[in-house]
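Working notes, beginning with the structure itself.
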Amino acid sequence: MQFSLDDRTCALSVGEFAAFTLGPRAAGLGGPSGVWRAQLGQEWHGRLRARTEAETSARGEGRTRADAAFEVPLTLGCVHRGWTFTLGGRIDQIITVFSLPRAEDEPRRPGVSVTLREIKTIAGPLPADERALRGDFPEYFLQAITYLALLRMAPANTAGPAAGGGGSAHAPRAGSGDAPPVPLDFGLAAPGDLRAELIFVELGTGITQVVGLTADDEALFRAQLERLVEFLDLRLQSRERLRRLRFRPAFAVLRPGQETIQAELCAAIADSGYRIPESKEARRSSGIHPASGFQSPVSPILFEAPTGYGKTGVLLEFALNRLRAGQFSRLLYLTGKSTGQLQVMRTLAAMTAPPSGEAREPGVEGRTAEPSAGDPRPSSGDRVATPVAAWQVRPKAEHCVNQTFHCVREACSYLADMELRWPQSGLARFYLRDDQPRDLETLRAAGREAHICPYEIMRASLPFNDVWIGDYNYIFAPDSRGVFYDRPGFKPAETLLIIDEAHNLPARVADAYSHVVRSDGAEAVLTELRHGHVPAALLLEWERWGRWLAGLPQTGQLDPSDEADLRDAVDRLATLVATTPLDYAALDPRVSEQLWQMLALRDWLAGDFSLPAGAGAQAAGPESPVSTLLWCPRATELHFTCLDASALIGRTLRAFGGAILTSATLHPPEVFAAACGLDDLGLAMPDAGKLGGQPSAPPLSGIRDPKSKIEPALGKLSRRARKTLRELTSGAALLEAAEARDASRPRLLQARAPWREHAYRVGIDVRVDTTFQHRSRHYAATAATVEALHAAARPAVGGGAPSEETGVERRSTPTSTDLRPASGAVAVFFPSYAYAESIIAALKSVGSPLRAALQPRAADLATQAAWVEESLVQADALLLVLGSSFAESIDLLGGRVSHAMVVGPALPEVNVIQRQRLAELEGAGFSRTAAFRRVYQIPGMQKVNQALGRLVRAPGQQACVLLHCRRFAEDSYASLLASEYQNGVVISSDEDLAVWLRGAEPAPS
Ligand code: SF4
């Protein structure tokens, strides 16, 4: 849907128009959907077309003639309540029947009757009661009615044949540029001569059922126009609300390093948009698909800001300013962890809630809660309402109020017929009233009361919110992105996207495109299918599938013959699942999931990773392969692994009007850009002098890592580069392409936090080797070092400033956050639980009195926070795992531990996936060393930087950090440490350690 609030125009497809709703959308019948099902639908369309052609030619006798047109594209308009609508679509069939006058009759025009036909495939069964069909598929009826109503309203058809030259309407004939257009001025004698039919086709059998539409049905079309007008009027109100938005700066007193950041962000975003090159070859060579005609790609901004910088507040301030200025109509703030999302909600609330007594902005209703900005507890932020309409989207299961989490309407009465209950439910208050609390408990209570699924209330309300906060999945995961992309009025090109903790994005997206199937899971499905009396064909095919999985050996890569068998099996099963009507309500939800998964697997095997419209699909060129691997880590367990989703990430990001990827650890930026599919265009570094950013490396190009010391192969061009150059046929095109490439490079912005520069005292303990092969020899030394570290530790002194992300730093008196007790405990970070457990065993074996607390597994947020608080008081050493949420999400350690230790870099596990990634990089021209750096060293050291960053979160805080492994002294690892940790002293003996722990410098060896 494209609309202009200024011009009061709205253009959309008839399908979008029919599916539009202000409330929750009527649920489907629980069957599968997607590309593959659409292909089956095409098949039935083709057969019905052949049947109609035969029928019309058979009627060409006597005084009757018939003509048929198929897939007729048309665009028609109408005006309603001051809005001009343009609707486009394709009518499946138009059948025109002429009754010719007899020779003895007065000369007159032949009688004409026209029938529009829309064909819809459904999982069945047919024939069905017409009322049931109307209830189950209201969108299909509305679609056919819309064509009928629009054609009746077309000038050529309103006055009938007597109007003579009353204008003519034509639609281009489908698929034939030179063919004469199909006339839409049908020469009707009466409006009733234009009819519409809906033809339902049962997907598996081809059984059809025809439902005729009547004039009464046209009332539905007018009601739908009313809904659309209400939506557009609300969007207008929303824009006005944004224009009047008032908010506090994120920081009343700026921290050192923040002084120029707003100007730097403004400059970077202004610099990031660019004009689409006019010539096709320049568009192609600059990475834009030649067919992309309307979408202006932007260059994402990589914003690296250290922990404690206050980037959440800084970015929200920037985004609210841009929203108010009208540069963007919506902000999406995505993080991978719920702690981060809660932090955004709290900061937003703190920036926008009026203090008690402050006059409210006209039109902005009561926002009364004053947030406790420094309160880290997740529950406190939930209940804060904010004047900027913001919604934190939680996982669906957290909304559930049904007895079982089974989202098919036959199994959930909160879903069944909810669209009928919606108009009287009063739930529109969730998007109409600014003062309506939107926390999860309020939502669930409202859902229970109105007997409507709370998740659907959220979905219905989302389009009217200006800020959407949630997980990466809502944009990047094929299973979840519909939550955002299907919301009416969501336009990526007008949206600012902020990705927080962006260093996690590449791995998360690759996971979202990966699947696992197991033999025992298939067995469970088979048992259910047997009880469910499903058709024999599906049962037999699933039995074969289970047997095939049960015979799979452990293997690093499926051999070609097994892969061929897999493709055949998945193909057959996908066909059967899509065409077999099943009682999904009776099936266990996990069973349904496995059945529907066959369609996703079929697309995966076919390399179909297509993005939805608006998600960068327009920019999708024929290149951009997604590398994948089929392997069995264990017998009977098959993994469909996406090794690298960078192409998909890059295309998605570039569809947004603005995109900022932020993290404390984007280093090295070239490698991060490559992992996000932004490497083709190199990386643009800001002029440090101009922007006040941290001086950084000169502009780089390509995917080359500056520290990997790989020299480019001079004189050699890649196949892609050769192809590109062949397509550039003129100097002007070459220049245009170069300008476009330059303008669309990702921008790197590195924030300064000078107060961190001397906050760490670092020792590099080269006495031990923590590599997997040698670590056990050093368990005793590691255990003794933990004891020594604790002995040297003293209760840390809090920094007297709020934690980094709370924003709105305006207090002169300490808050509860500042006053949390400092601890004498030390933090020890390990690459794995197993390693930490070995050190606990080593401590016990020597009778150590040290109280070591190992972080709990699979704990929720509240449990994690409680464990940290308790352990800081009761334990001597907190044993934490690098890369876990304790090391990356929990921000309770800042300023509260004086000493910490990192037991080796947390290199990823050596397995088939990493080996395959290594092989692919080497195949792409990387040296073994450079490939190892990308696959192992960079992710491993990123976890170290993440963990250490959280120990100092505010000016005045300090920490002593011992990097406990000889590898930290090697240049290839040391160069990947953040700059604050790079000047460590080398500790090569027990005496050195003792000296360093006393606060002195060991003598150089
Ligand atoms: S109430 Fe629960 S089961 Fe029902 S639709 Fe909502 S989330 Fe699904």
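Because the structure is predicted, anything quoted here is derived from the model rather than measured. One-based numbering along the sequence shown. Just so you know, ligand 1 is whichever comes first in the structure, and atom 1 is the first atom listed for that ligand.
With respect to the salt-bridge test (charged N to carboxylate O, under 4.0 angstrom), the residues Arg590 and Asp588 qualify.
To the nearest 0.5 Å, atom CG of residue Leu234 and atom OH of residue Tyr431 are 7.0 Å apart. Note that CZ of Phe328 is 10.5 Å distant from CD of Glu494, once rounded to the nearest 0.5 Å.
With no hydrogens or angles considered, no side-chain donor-acceptor pair links Asp511 and Ser514 at under 3.5 Å.
By the 4.5 Å heavy-atom criterion applied to side chains, Tyr513 and Val626 are not counted as neighbours.
Those atoms of ligand 1 that come under 4.0 Å of a heavy atom in Thr404, given as number and element, are 3 (S).
Around atom 4 (Fe) of ligand 1, the protein N, O or S atoms found under 2.8 Å comprise Cys412 SG.
Aromatic pair Phe17/Phe221: ring centres closer than 6.0 Å.
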